Number of protein chains: 2
Amino acid sequence: MGRRILVVDDEPDILELTRLSLVREGYEVETAATGEEALACLRRSRPDLVVLDLMLPDRPGTDVCRVIRTTPELSDVAVIMLTARGDEVDRIVGFELGADDYVTKPFSPRELGLRVKAILRRGVEEKTESEHLKQHGLELDLSRHRCLHRDEEIALTAKEFLLLAALMRRPGRVLTRERLLEEVWGEGIAVTLRTVDTHMKRLREKLGPAGDLIDTVRGVGYRFRE
Amino acid sequence: MGRRILVVDDEPDILELTRLSLVREGYEVETAATGEEALACLRRSRPDLVVLDLMLPDRPGTDVCRVIRTTPELSDVAVIMLTARGDEVDRIVGFELGADDYVTKPFSPRELGLRVKAILRRGVEEKTESEHLKQHGLELDLSRHRCLHRDEEIALTAKEFLLLAALMRRPGRVLTRERLLEEVWGEGIAVTLRTVDTHMKRLREKLGPAGDLIDTVRGVGYRFRE
DNA sequence: TCACATCGTCACCGAATCGTCACATTTCCT
DNA sequence: AGGAAATGTGACGATTCGGTGACGATGTGA
C-alpha cells in the first residue's frame, strides 16, 4: 500500500534532500522540478502522495493541486503543500484547494516524514473499505485505476474500468444496462443503451480468457461470475 | 438516490465550509446549528444522511442520534458523527448509538466526502438487495436472476423466470392468465392469453420433476404449490 | 499541429426467444 | 357415453436481442 511519492520543487538542493530523506524512510520517490513535469509524472505513475511546492517556475502549485483534484483518475492522490509561511493555510488545506496537509518552509525532513506517514495512514484506512477488488485472479485497484489478471497488467480505458468495477463490486448480481449506465456514466446522461454492449465487448476482448467471467443474461443484463 | 445531506454543527465557520464542500460534490445540503433544529429539519425534509457534531449547544449529538435511531420514520437516515478524538468511537458507531461512521475533528472536506460517498453507496446497495424465493427445493434469486432446483442450476429465459417468480411470490394462490400477463408482460400489452400456456409448458419442461409444483386450476389459471 | 486513443452510434447478422396456430388430450357436464 | 370447453403440445414463422465491425466525433499528449 501507500508507498510511492512524488516530490515537486524547483530548487535542486531541496529536491534532493527531500528525496533522500523519504527514500531513507522506505518510500519510492520520484521528483519533478516544474508543474508540467509533475502532472506528466502523476499521469504516468500514479503515486500515492505528492509533496508540492507552492512556487514553481511555470505555474503555481495551487494550480497543479487544482488539476489533481479535478481529474477523476488523480483525485485520490494525497497532496502536501510546501509553503513559505503559515498564512494562507486554511485556503490551501481542505477547502478551496483540497490539499490534505501543508508544511511550512523551512522544514526538517523529520517533520515532513511524520506528515507523510500520517496522511498515508489515513489514506489506507479510507481505502480499506473496498478499493481493492479481487475475484478469480482478476484484480482491480480502484484508487490506482489498475487492472491485473494473474499479475499481468491489463490496460483499460476509463469507461471499461468503471464498467468492470461496477460488475465486480457485486459479483453474481445481474446489472441491467440502465443500471450500468447510471453507475458508470452518471444519472440522466443521454447515451444509447447499446453503448453498454460495445464497451462490454471491448472489455471482454481486453480481458482475454478472463472475459468469460462476465456473463450475459439475455433479456436482463450482465453479471460477473460469483 | 442518496443525495440530500443535513450538516449539524454549532460553529458557523465549520458549518459553512462543510456545506460548501459537500455542495461542490453534488449533494443537496441543509444545515442546522442545534439539536432541536436538526430534529425539526430531519422530520421536515428527511435527508439521506446526517453529519452530526458530537457537541451541540442544547443537547449532545449522541442524544440526537439516539432519537433518530428510535424514530421509525427516521431510522433509515445514515449518521456520521463528528468527534474531537477517536476515543469513544466504539460506543458511537457500535450498538449503543448506531451511527454509521465517524470522522475525527479536525477533518478535511475530502475525507468527509469519501466517508459520505461510501456510506451512501452502502445504503443504496442494501436497499436494492432483493428477494430470494425458496419453496420445496426450488430457489429463485431475483437479483442474480438464477433458478436452482436442489442446488442445480436451471437456465430459464427472461419470461419464464418472471412467470415463475410471479407464481412463487404467492404460493397457493391462483393467478389468472390475465393477471400473469399483466405482471410479466406489463399492462396493456397485446398478447394472446394462450401464450401463457405455452410458456407454462416450457417452464414445466425445464423444471423437470419440479414442474409438478405448478398446478393448473382448470377454468381459472395457475398456482404454485403451497 | 498531427497522430492517436477513446467514445458513442449505427447497421448487419445469427441465434435465442417469443407468439400463434392447429391439433391432441384431458376434464367436466349432462 | 358423447360432446363441449379448457388445457397440453409440437411446430413454425416473426421478432427481439446481443455480438460485432466500422465509422465519425471528440479530446489529448507529443
Side-chain angles (χ1 to χ4, degrees), chain A residues 32 34-46 58 64 67 70-74 145 147 154-164 167 174-182 184-186 188-208 211-212 214-223, chain B residues 145 147 154-164 167 174-178 180-182 184-186 188-208 211-223:
Chain A
T34 69
E36 285 307 328
E37 252 182 71
L39 287 173
C41 173
L42 276 162
R43 276 191 259 273
R44 180 166 18 90
S45 50
R46 297 276 170 70
D58 51 347
V64 178
V67 172
T70 54
T71 304
E73 298 88 43
L74 298 179
H145 219 272
C147 169
I154 299 180
L156 298 181
T157 69
K159 292 275 184 279
E160 288 158 5
F161 188 86
L162 288 175
L163 211 46
L164 182 55
L167 290 172
V174 179
L175 299 182
T176 63
R177 292 177 175 71
E178 286 86 350
R179 185 95 173 69
L180 288 169
L181 269 189
E182 188 182 313
V184 173
W185 277 256
I189 293 295
V191 168
T192 314
L193 282 184
R194 294 305 307 277
T195 300
V196 177
D197 297 41
T198 301
H199 282 276
M200 206 58 86
K201 185 217 166 213
R202 292 169 182 158
L203 178 56
R204 279 170 167 158
E205 214 166 75
K206 289 193 182 175
L207 290 182
D212 296 342
I214 301 175
D215 291 337
T216 301
V217 182
R218 186 173 239 271
V220 188
Y222 295 93
R223 147 178 84 192
Chain B
H145 217 269
C147 169
I154 299 180
L156 298 181
T157 69
K159 288 272 185 290
E160 289 157 4
F161 191 87
L162 288 175
L163 211 46
L164 182 55
L167 290 171
V174 182
L175 298 181
T176 63
R177 292 178 175 71
E178 286 86 350
L180 287 170
L181 270 189
E182 189 182 315
V184 173
W185 276 256
I189 292 295
V191 168
T192 315
L193 281 185
R194 294 303 309 279
T195 300
V196 177
D197 296 41
T198 301
H199 280 278
M200 206 57 86
K201 185 221 165 208
R202 291 170 182 156
L203 178 55
R204 281 168 166 160
E205 211 167 77
K206 289 194 183 175
L207 292 182
D212 297 341
L213 292 172
I214 301 175
D215 292 336
T216 302
V217 182
R218 198 183 170 77
V220 189
Y222 298 91
R223 156 179 73 193

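Everything quoted here is computed from the prediction, not taken from an experiment. Any value given below was found using the heavy atoms of this structure, including those in side chains, with hydrogens, waters and symmetry copies removed. So that the names make sense, note that chain A is the first sequence line, chain B the second, and so on, each numbered from 1.
Atom NE2 of B/His199 and atom P of D/dT9 are 15 Å apart (whole Å). What separates NE2 of B/His145 from P of D/dC17 is a distance of 13 Å, to the nearest Å. A/Leu163 places its CG atom 13 Å from the C1' atom of C/dC7, with the value rounded to the nearest Å. Rounded to whole Å, atom P of D/dG18 lies 11 Å from atom CE of A/Met200. One atom, CZ of B/Arg204, and another, P of D/dG10, lie 13 Å apart when rounded to the nearest Å. For the pair A/Arg177 CZ and C/dG8 P, the computed distance is 15 Å after rounding to whole Å. Whole-Å rounding puts the A/Trp185 CH2 to C/dT9 P distance at 10 Å. Here D/dT7 presents its P atom at 17 Å from NZ of B/Lys201, a figure rounded to the nearest Å.
OP1 or OP2 of D/dG8 lies within a sub-4.0 Å distance of a side-chain N or O belonging to B/Tyr222. Considering only side-chain N and O atoms, A/Thr192 lies under 4.0 angstrom from the phosphate OP1 or OP2 of C/dT9. Side-chain nitrogen and oxygen atoms of B/Thr216 include none within less than 4.0 Å of the OP1 or OP2 phosphate oxygen of D/dA6.
Across all non-hydrogen atoms, the minimal contact from B/Ile214 to B/Leu203 is CD1-CD2, 3.8 Å. When all heavy atoms of B/Tyr222 and B/Leu167 are compared, the pair lying nearest together is O-CD2, 3.9 Å. Shown here for A/Val191 and A/Thr195, the closest heavy-atom pair between the two residues is CG1-OG1, 3.3 Å. When all heavy atoms of A/Arg204 and A/Asp215 are compared, the closest pair comes out as NH2-C, 3.8 Å.
Residues satisfying the salt bridge (Lys or Arg N to Asp or Glu O under 4.0 Å) criterion with A/Arg202, sequence neighbours excluded, are absent altogether. In terms of the salt bridge (Lys or Arg N to Asp or Glu O under 4.0 Å) criterion, residue partners of A/Arg177 (sequence neighbours excluded) are, by chain and number, A/Asp197.
The end-to-end axis angle of the helix from C/dT1-D/dA30 to C/dT30-D/dA1, rounded to 10 degrees and based on five pairs per end, is 30°.
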Which pairs would a plain distance check flag for residues 154-164 of chain A, meaning a side-chain donor or acceptor within less than 3.5 Å of a matching protein atom at least two apart in sequence or in another chain?
residue  : atom : partner  : partner atom : Å
A/Thr157 : OG1  : A/Glu160 : N            : 3.4
A/Thr157 : OG1  : A/Glu160 : OE1          : 3.3
A/Glu160 : OE1  : A/Thr157 : N            : 2.9
A/Glu160 : OE1  : A/Lys206 : NZ           : 2.9

How does protein reach along nucleotides 23-30 of chain C, written 5' to 3' as B (base within reach of a heavy atom under 4.0 Å), S (only sugar-phosphate), or - (no contact)? ---BBS--

Could you encode protein contacts along nucleotides 22-30 of chain D as a string, one character per nucleotide from 5' to 3', using B for base contact, S for sugar-phosphate-only contact and - for no contact, with a heavy-atom cut-off of under 4.0 Å? B------S-

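A side-chain donor-acceptor contact under 3.5 Å links A/Thr176 to the backbone of A/Arg179. No donor-acceptor distance shorter than 3.5 angstrom exists from the side chain of A/Asp58 to the backbone of A/Thr34, with no hydrogens or angles considered.
Residue A/Val196 is out of contact with every strand shown, counting any heavy-atom pair closer than 4.0 Å. Contacts of B/Thr195 with the nucleic acid, taken as non-hydrogen atoms under 4.0 Å apart, include base atoms.
Distance check: A/Leu175 CG to A/Arg223 CZ gives 10.5 Å after rounding to the nearest 0.5 Å. Distance check, rounded to the nearest 0.5 Å: CG of B/Leu181 to CG of B/Leu193 gives 5.5 Å.
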Could you check A/Met200 against A/Leu180 for side chain to side chain contact (heavy atoms under 4.5 Å, CB included), going step by step and ending with a plain yes or no? CA-CA 11 Å; A/Met200 206 58 86; A/Leu180 288 169; 4.1 Å; yes

